Amino acid sequence: MMIPVRCFTCGNVIGEHYEEFDERSESGEDPAEVLDDLGVTRHCCRRMMVSHTDLVDVVAPYQ
Ligand SMILES: [Zn+2]
C-alpha cells in the first residue's frame, strides 16, 4: 500500500521523503546515503523506507 505518513515507532513524518528516496535509490544511488541526505537518521524511520513495498497501484483496481 502507500507508505505510512509517520514512523510507527517515533511518529516522525517520513511519508514526504518516500518518492525522492525511491527515485534516487532506483537510479543506482546508495540507499543509506540517500536517507542520510534526506535527514532520515533514526533506524526506526529508516526501516520504514527500506522495507516498504508500494502496492497501491496493484491493489487499487480490486477495491
Ligand atoms: Zn522513527
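Excluded from the calculations below are hydrogen atoms, water molecules and symmetry mates; all remaining heavy atoms, backbone and side chain alike, are included. When a ligand or atom number is given, it counts from 1 through the structure's own listing order. Values in this document were obtained by computation on a predicted structure and should not be read as measured data.
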Atoms of type N, O or S from protein under 2.8 Å of the Zn ion (ligand 1), total 4

Exercise: do Arg42 and Thr9 side chains pair donor with acceptor under 3.5 Å: no

Residue set satisfying side-chain hydrogen bond (donor to acceptor under 3.5 Å, both in side chains) with Asp22, at least two apart, ordered chain then number -> none

Sorted by chain and number, sequence neighbours left out, side-chain hydrogen bond (donor to acceptor under 3.5 Å, both in side chains) with Arg24 holds for Glu20, Glu29, Asp37

For His17, enumerate each residue passing the ring-ring contact (aromatic ring centres under 6.0 Å, His included) test, keeping only those at least two apart in sequence or located in another chain. none

Any idea which heavy atoms bring Ala32 and Arg46 closest together, and the distance? O-NH2, 3.3 Å

When every non-hydrogen atom of Ile14 is compared with those of Cys7, the smallest separation belongs to CG1-N, 3.7 Å

